[in-house]
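Below you'll find the structure I mean.
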2 protein chains.
Amino acid sequence: MGVTIHDVARAAGVSVASASRALSGRRKVTPEIAERVSRAAAELGYQPNAVAKALRDRTTGTIGMIVPGIGNPFFTTIVEAVEHQLQETGRDLLLCASQYRPDVEARRLETLLARRVDGLIISPCDIEASVPAVLNAARRVPLVQVDRHIEGGGADWVGVDDDSALAQAVGHVAAGGARTVTFVGSRLMNSSARSRLSGFERAAARAGVNATAPLLGEFTLEWGIEAGRLLLLDGETMPDAVVCGNDEIAVGLVRALRAGGVRVPDDMSVVGFDDVGHATMCDPPLTTVRQPVEEMAAEAVRLLGQVRVSDPRPAQRIAIAPRLVVRETSRPVAAGGANGTEMGRGTA
Amino acid sequence: MGVTIHDVARAAGVSVASASRALSGRRKVTPEIAERVSRAAAELGYQPNAVAKALRDRTTGTIGMIVPGIGNPFFTTIVEAVEHQLQETGRDLLLCASQYRPDVEARRLETLLARRVDGLIISPCDIEASVPAVLNAARRVPLVQVDRHIEGGGADWVGVDDDSALAQAVGHVAAGGARTVTFVGSRLMNSSARSRLSGFERAAARAGVNATAPLLGEFTLEWGIEAGRLLLLDGETMPDAVVCGNDEIAVGLVRALRAGGVRVPDDMSVVGFDDVGHATMCDPPLTTVRQPVEEMAAEAVRLLGQVRVSDPRPAQRIAIAPRLVVRETSRPVAAGGANGTEMGRGTA
DNA sequence: GTGAAAGCGCTAACAA
DNA sequence: TTGTTAGCGCTTTCAC
C-alpha cells in the first residue's frame, strides 16, 4: 500500500525529478532512463497519487454536478451524458443530489467547492431560493446551469428551447384539429415550469387555439393522474388536447383519462415532454417533445471550458431546439397518416 | 480565490497551528483565540482545502462507485440510495459508468484508485471478465459488490436473495393455477442472469410446475417484445405464466402478448423483477419482485466500513430477501382476492 | 539532460 | 495552551 515516486526513482537509480519527467513523458529524458523508470514503475506496481498531483497542480480533474434528484429519469439521462462527455477528456464526475431542497443544494455546493472541483454543472432546484448559493459558487469556479436555472441570468445556462418545443406541440395538436387545449404542468418554483407554461401560452395564441386555465402541480405520475381526474370532473368543458410539462405527467394523465372512459387519442390528444425512459414504455406510446440531452451535455461541458472566473463576460444562454416525436397519443393531422417514429436511443 | 489557513492565522494574529485547532475544534484553544480565528475566517471567506487535507490525512472522504449504466433505472435507484447513505457520514460519491464494458470498467477502477477513494462500491458488468480488475482493486482498498458480482467469491457482496425471489414468483403463479411456466431473462454473462435462472429452475422443481426451456436475451424492453413474439410463434406450447429477469423485459413481453391477442393476466400471468420506476407506470401495473434497494445500499455502506484490506477475512455475502408485489399482470390465487398493492416510494 | 530543493495547504508531533 | 516545523506525494523551477 503506497509505493510513491520516490520508491520508483530509487529502484531505477535516478532522482525523483527524472522519474517524474519520465513518467509524465512531458519532458526530455534519455531513452535509457525512460526505460529504467517505466520498468521500475511496472515492477513496483506504482500508481500516481492524484491527490498529491491535484494539490501541486491546483486542479483536480474533477467536475462537480448537482441535480435535484437522480430518481428522475430526465436528470439521470443528463448525468449519463455529462459523464460520457467528461470521460473524453479524462475528467471524473463528482455527483450530488439536492433532493429538490435548496438548503441541501447549498451544502453540497460547499463541499464540492472544498474538494476543489475544476468546474460545476448544476440544475438548481429553485428559481429563487437557489440564487445566492449558485451565484457564490459561480464566483469561485466555472459554473454552468443545465435545464433549470436561477432567475436573473447571473450564470451561464444551456437547456431546451421551450418556446420552440411548445410551438411544435401546440402546432401539432392544432393541426390534428384541436380547438381547445389545456396545459398540465408543475407549480412555478423552477424555471422549466415557468418557461414551459409561458411558451405554451404564446404558442396557443399564435396557433389560434383556445387555451383553458392551466393545471399546475408536480412533475410526477401521481399529479398526472390527479389532473386527469380533475379534467373528467367537469366533463362538459373537456379540451380537445392536453400538453404536459413532462412525460410522467402525461403517462398518468393518459391512464386516468382512459380509466374514465376517454379514448386517447380519439377523444383527446396528449403530448408529453422529455422523451426519456418512460415514453416508449407506456401504452400507447407517447407523443412527446424529445429533449436534446446529448447535445445539452456536450454544450454544457464545452461552455465550462470557456468560462473564466477571473474575467467574467456576459452570461451565455444556449437554448437548443428540440424535436417533436409523434407516436400514438395524438390524433393524426387532418390529411391523415401521422405514424409513430421509433426512438434512436435504447434505454441502456 | 485561495485564502488559506495561513491568511486566517495572520489576520487573527495567531499561528497556523492555533488556527487549525480552532477551526477543527478538535483541540483546546482559549475562547478568545477561537473567537478571533472564526471571525477572521468568516471575514476572509476562508474555505478549507479538502485536497490538502486529504493528502495530509491519507483519506479523501470519497467513495467510488461503478455501475454498468446510469441509464438503467435499477442502478440509478441503487446509486441514489448509496449517495443518500454516504451523505449521512459526510462522504461524497465519485460516480462512474462502465457502459457494460469490462475494459472501461477496469480503466475507471484505475482512476478511482488513483484518486485515492476510501472505498469502492461496484456492480461488475461481467462475471468473468471483471474478475482481475475487481480483485486487484479489492487488494488496495475496501470494496463491496452490490447486485452483480464476480465469480469465485473473492470479494464481499450484497444483493437480493434470488432463490427467495424466484420461489415467491413461481409460487405465486403456481397458486394462481399455472402448470407450465417459462423464464425469460438475460444471457448468462453476469451473476444476476445466472442466479435468477437457477433460482427459477429450483423453484419450479419445488413447486411442481413444468418449466419450459428458458428464453435468454438482454435485460431490455426490446428483448421482452421479441420474447413475446417468440412465444406467440409456437402458440400451441404457450405456458400459463412467464417469470421475467427484470421489469423491462416484462413490460415488453406484456405488450407483445397483448398485441398478439393474448390477454394478461386472463390467458397468461407475467411477473417482473426489480420494481423500480417502470412497474407502476405500465398498463396494467406489473406484478413484480421488489428489490430491497434501500436496504442493499445501507448494507453495502455498512460493510464497506468493516472491510480491512490489511487483514482480509473470508468474503461476506449478504443476500437480502425481497418481497413479491402483486399487481395486475398475474391471475389471482384460486381462492380469489389478490389485489394490487400500492408502491410506498414515489418516482421522485 | 539531470538532480536538489521548494512548495502546493493542511495537521500533528514536538517544544516551549 | 501556543508556536515551530516536518512532511503527506507530486511537479517544476533553478542550477549544474
Side-chain angles (χ1 to χ4, degrees), chain A residues 1-38 40-41 44-62 90 110-111 113-118 140-141, chain B residues 1-38 40-41 44-62 90 110-111 113-118 140-141:
Chain A
M1 243 257 82
V3 18
T4 77
I5 200 169
H6 283 89
D7 303 320
V8 174
R10 192 176 323 116
V14 299
S15 72
V16 287
S18 290
S20 173
R21 292 193 266 255
L23 258 8
S24 76
R26 300 174 47 73
R27 290 176 106 77
K28 301 205 112 37
V29 285
T30 25
E32 199 218 317
I33 288 193
E35 171 59 23
R36 288 222 306 272
V37 169
S38 64
L44 296 176
Y46 169 70
Q47 192 193 35
N49 182 328
V51 175
K53 182 172 163 49
L55 180 59
R56 163 78 221 208
D57 295 352
R58 331 167 80 102
T59 152
T60 54
T62 276
E110 278 307 304
T111 87
L113 252 17
R115 289 195 191 285
R116 296 300 191 263
V117 293
D118 295 340
R140 317 181 60 125
V141 80
Chain B
M1 243 254 90
V3 19
T4 76
I5 201 168
H6 284 89
D7 302 320
V8 174
R10 192 175 326 115
V14 299
S15 72
V16 286
S18 289
S20 173
R21 293 193 267 254
L23 258 8
S24 76
R26 302 174 47 72
R27 290 177 107 76
K28 299 206 114 36
V29 284
T30 33
E32 199 218 319
I33 289 195
E35 172 59 22
R36 288 221 308 272
V37 170
S38 64
L44 297 176
Y46 169 71
Q47 194 193 34
N49 183 327
V51 175
K53 182 171 164 49
L55 179 59
R56 163 78 222 205
D57 295 352
R58 333 167 81 99
T59 151
T60 55
T62 276
E110 277 307 305
T111 87
L113 253 15
R115 288 195 191 286
R116 296 302 192 261
V117 292
D118 294 340
R140 317 181 60 126
V141 80

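Letters go in sequence order (proteins before strands), and every chain restarts at 1.
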ask   = Tell me, do B:Asp118 and B:Val141 make a side-chain contact under 4.5 Å, heavy atoms counted?
value =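 No, their side chains stay 4.5 Å or more apart.
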
ask   = Between atom CG in A:Leu23 and atom C1' in C:dT2, what is the gap in whole Å?
value =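 Atom CG in A:Leu23 sits about 16 Å away from atom C1' in C:dT2.
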
ask   = Looking at five pairs on each end of the helix from C:dG1-D:dC16 to C:dA16-D:dT1, what is the angle between the two axes, given to 10 degrees?
value =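 It works out to 50° between the end axes.
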
inquiry  = How close do A:Leu44 and A:Ala11 get, counting heavy atoms only, and between which atoms?
reply    =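 Looking at all heavy atoms of both residues, the closest pair is CD1-CB, 4.0 Å.
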
message = Minimum heavy-atom separation for B:Gly2 and B:Asp7, please, with both atom names.
response = O-OD2, 3.8 Å

request  = For residues B:Thr60 and B:Arg116, report the shortest heavy-atom separation together with the two atoms involved.
outcome  =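 Closest pair (atom of B:Thr60, atom of B:Arg116, distance): OG1-O, 2.8 Å.
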
request  = Mind listing the closest non-hydrogen atom pair of A:Val8 and A:Ala41 along with its distance?
outcome  =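 Shortest heavy-atom contact: CG1-N, 3.9 Å.
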
query = Mind checking which nucleotides bracket the chain B contacts on DNA chain D, 5' to 3', with an atom under 4.0 Å from a heavy atom?
reply = D:dT1 to D:dG9

ask   = Rounded to the nearest 0.5 Å, how far apart are OG of B:Ser20 and CZ of B:Arg26?
value = 10.0 Å

inquiry  = Quick one, A:Ser18 and A:Val37 - any side-chain contact, counting heavy atoms below 4.5 Å?
reply    = no

query = At their closest point, which heavy atom of A:Leu55 faces which heavy atom of B:Val51, and how far apart are they?
reply = N-CG1, 3.6 Å

inquiry  = How close do A:Tyr46 and A:Thr4 get, counting heavy atoms only, and between which atoms?
reply    = CE1-C, 3.5 Å

message = So, taking the atom named CD in B:Gln47 and the one named CZ in A:Arg115, what distance separates them when rounded to the nearest 0.5 Å?
response = 11.5 Å

message = Using a 4.0 Å heavy-atom cut-off to protein, can you give one letter per nucleotide of nucleotides 3-9 of chain C, 5' to 3': B if the base is in contact, S if only the sugar-phosphate is, - if neither?
response = BB-BBBB

